[in-house]
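Every chain is numbered from 1 and lettered A, B, ... according to where its sequence line falls, protein lines coming before strand lines. Computed from heavy atoms alone, side chains included, the values below leave out hydrogens, waters and symmetry copies.
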Amino acid sequence: MRYALRAEWTKLWTVPGTAWLLLGAVVGTAGLGALAAAACSPGECGADPTRTSLTGIHIGQSVVAILAVLAIGGEYATGMMRVTLAAIPRRPAVLAAKAAVLAAVVVPAAAVAVPASLLSGDTPSLSGGPVLRAALGSVLYLLLVALLALGVATVVRHPAAAIGCVLGLLYLFPIVAAAMADPDWQRRLEKVGPMSAGQSIQATTGLDGLPVGPWAGLGVLALWAAGALLAGALALQARDA
Amino acid sequence: MNGFLLAVRAEWTKFRTVPGWVIATALAAVAMVGLGLGPSMQGSCGRHGPGSECAMPVGPGGEEVTDAFTFAHRPLTGDGSVTAHVASMTGQLSDDRALLTPWAKAGLIVKDGTRPGSSYAAVMLTGAHGVRMQYDYTHDRAGSPGTAPRWLRLTRSGDTVTGAESVDGAQWTDVGSARLPDLPSTVEIGLFATSPQYAEITSESIGTMSAATQRSLLTAAFDKVTPADGWTGTLVGEPTNRDRGGYQQDGDRHILTGTGDIGPAVAGATGLGTTVTQTLVGTFAALIGMVVVGTLMATGEYRRGLIRTTLAATPGRGRVLAAKAVVVAAVTFVTGVAAAAAVVTLGQRVLRSNGVYVHPASTTTELRVIAGTGALLAVAAVLALALGTLLRRGTTAVTAAVVTIVLPYMLVLTALPVDAGRWVLRVTPAAAFAVQQSAKQYDQVENLYIPVEGYFPLPPWAGFGVLAAYTAVALAAAAWLLRRRDA
């Protein structure tokens with residue numbers, strides 16, 4: 001496993017783009033968050049200013065998803081995957097190592113991006129319980145989106161198709177829910193959608209009105225990520241590379 | 001030209017021989033139709049026996065209207081006028097809050113009988129929009145910004161009706177006049193009061209923005225009415241007005257209580273039912289599919305090195321890009337139009353059979369929505385092709401296209417405050433979703449004209465133009481870079 005980790009770490013940092021993507025995730029998250037916070041005057045940033053300054057997570061998650069998709073999809077695209085699997089025949093270990101390496105780069109990037117967007121906004125104080133939960137939760141959210149994307153890409157293999165599937169999966173639930181006139185269906189969709197449920201961790205006010213509580217919502221996303229990784233592991237095990 | 005046709009043919013051959021692209025295109029159509037016809041909402045129209053159908057009165061122009069108000073009236077044959085002093089207007093919401101809604105109306109009206117949907121002209125005071133002259137449901141003209149107390153006068157002379165206002169009853173100013181050719185010689189003239197549904201945004205936090213709608217009631221007191229007697233009270237229109245409205249005459253004082261509206265019927269928060277726009281929710285899923293195909297048309301060749309063969313066969317590099325754009329746009333347009341046509345025609349039927357009221361759109365509007373949806377997908381696919389050519393990496397290009405087109409739309413629907421959302425739908429490629437708007441926005445009707453209800457800040461083709469402009473710029477940059485770079 002140690003060799004697998006080391007191999008993945010080397011691969012991740014020797015492909016061009018990793019550093020740029022991480023930088024993009026940080027700048028995108030903090031930048032869009034600052035824009036959203038600046039677009040509304042102080043005190044009038046919707047019902048939940050913390051959430052408004054965390055709007056940048058939408059850019060952040062897309063960039064993190066690219067990184068995750070390329071971590072495995074890039075290998076399939078070039079045929080490198082066959083070399084990787086020849087070197088480490090225990091296939092689940094390869095996927096686990098990729099997940100671990102991904103977590104090791106996404107979490108620090110998110111830990112920079114999230115506080116940066118909160119500081120630029122109209123947020124009460126980082127030390128407050130709900131704000132701290134939103135901050136910590138947003139970091140975990142980005143990690144879980146990366147793991148979900150890794151799982152999907154392992155199943156789909158083709159990087160461009162995989163990122164399409166990941167973004168489609170994230171956006172499907174909120175957009176269909178918004179078009180629904182029936183409030184029961186809206187809440188049901190928002191409860192099970194990976195993005196809508198996961199982002200409820202960012203709420204600091206009006207928790208009673210949420211379709212799903214903050215930690216429970218993040219749990220829903222975690223289930224999606226676990227499911228995707230499991231499907232990826234099974235597919236990896238069963239198929240020819 | 002012949003060379004271009006050969007290039008188009010080559011690109012078409014490439015397209016149809018890559019199974020993944022054909023499957024993705026088919027899936028895009030399936031997703032659009034499935035989401036449009038599948039998880040449908042339920043309504044109560046026609047579900048509770050005869051009388052529960054959601055039929056709306058039809059106005060003189062053939063459009064659906066809302067026509068519910070409290071009417072104190074007397075017949076008028078030939079020419080004549082009515083003058084009254086509106087002493088006070090007070091409003092109340094059904095949750096017992098005292099609030100005069102911005103479009104609560106009280107004033108004078110001349111109408112072809114008391115049947116809902118008949119021709120009329122009225123001069124009125126409103127809750128927050130001053131004095132207005134309105135006629136035949138869709139016409140609206142502003143007078144002075146005054147409020148009650150105020151004098152009003154309505155005069156009929158032939159087929160012309162003129163409204164006037166005055167502060168003191170001596171100095172009169174015309175608000176406007178209307179020609180109503182369909183008005184018979186004997187009409188009903190008198191006082192009216194009504195107050196529309198009141199909608200407010202209750203939450204802008206996580207998830208879908210929610211709006212609360214409730215009934216509002218207006219009580220208007222009139223005095224110094226000429227002619228002084230012969231008045232009858234009628235509660236026109238909807239059952240709610242018949243339950244809650246009222247009319248009392250106490251000597252010179254007339255008290256009218258009413259709820260409803262006189263105006264065009266709108267879809268959305270304060271209206272009934274939905275529009276065909278809502279059935280096209282699957283467009284975004286098709287968009288992601290076609291963006292992937294468009295991107296891969298460009299990046300797929302780089303991945304395999306096929307681009308060198310392509311450029312050797314067709315040395316005019318701009319021509320290669322143009323051929324690719326033509327093929328992907330044509331395929332996407334045809335797919336999008338077919339799927340949108342199925343959704344728009346069948347989707348309405350499914351909704352209606354589920355008891356949901358769907359506002360009928362004119363054939364021109366439906367055709368524009370269908371063709372616009374196809375064009376939106378086609379141009380988005382070309383934008384993705386251009387981004388793919390620029391970036392040469394499939395994953396990054398797909399994400400860039402999705403983030404610039406789908407993400408803004410989704411943020412507007414679910415996360416952004418209303419004003420920020422309107423701004424986003426003006427400046428980002430997501431503005432193109434305006435081609436799907438099917439309901440007309442009437443500024444003189446109380447409603448939430450927001451994107452989630454199917455109302456966009458730009459006119460349909462202007463919104464589409466924003467996407468087209470982004471695409472033109474990206475395509476030009478792609479052509480320039482393709483020529484400049486080694487393949």
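Using a 4.5 Å cut-off between heavy atoms, A:Leu172 touches chain B through backbone and side chain atoms alike.
Considering only heavy-atom pairs separated by less than 4.5 Å from chain A, the leading option among B:Thr396, B:Val291, B:Thr295, B:Leu411 is B:Leu411. Note: B:Thr399 leads B:Val281, B:Val292, B:Thr399 in heavy-atom pairs under 4.5 Å with chain A. Between chain B and the options A:Arg187, A:His158, A:Met195, heavy-atom pairs under 4.5 Å are most frequent for A:His158. Chain A forms more heavy-atom pairs under 4.5 Å with one residue of B:Val402, B:Val398, B:Thr395 than with any other, namely B:Thr395.
The environment of A:Arg82 atom CZ is sparse: at most 12 non-hydrogen atoms of other residues, nucleotides or ligands sit within 6.0 angstrom. The number of heavy atoms from other shown groups lying within 6.0 Å of CH2 (A:Trp215) is above 12.
Using a 4.5 Å heavy-atom threshold, the side chains of B:Arg393 and A:Leu70 count as touching. Inter-residue side-chain proximity for B:Val406 and A:Leu167 is flagged as unmet; no heavy-atom pair is nearer than 4.5 Å. Taking 4.5 Å as the limit, some side-chain heavy atom of B:Val403 sits within range of a side-chain heavy atom of A:Ile59.
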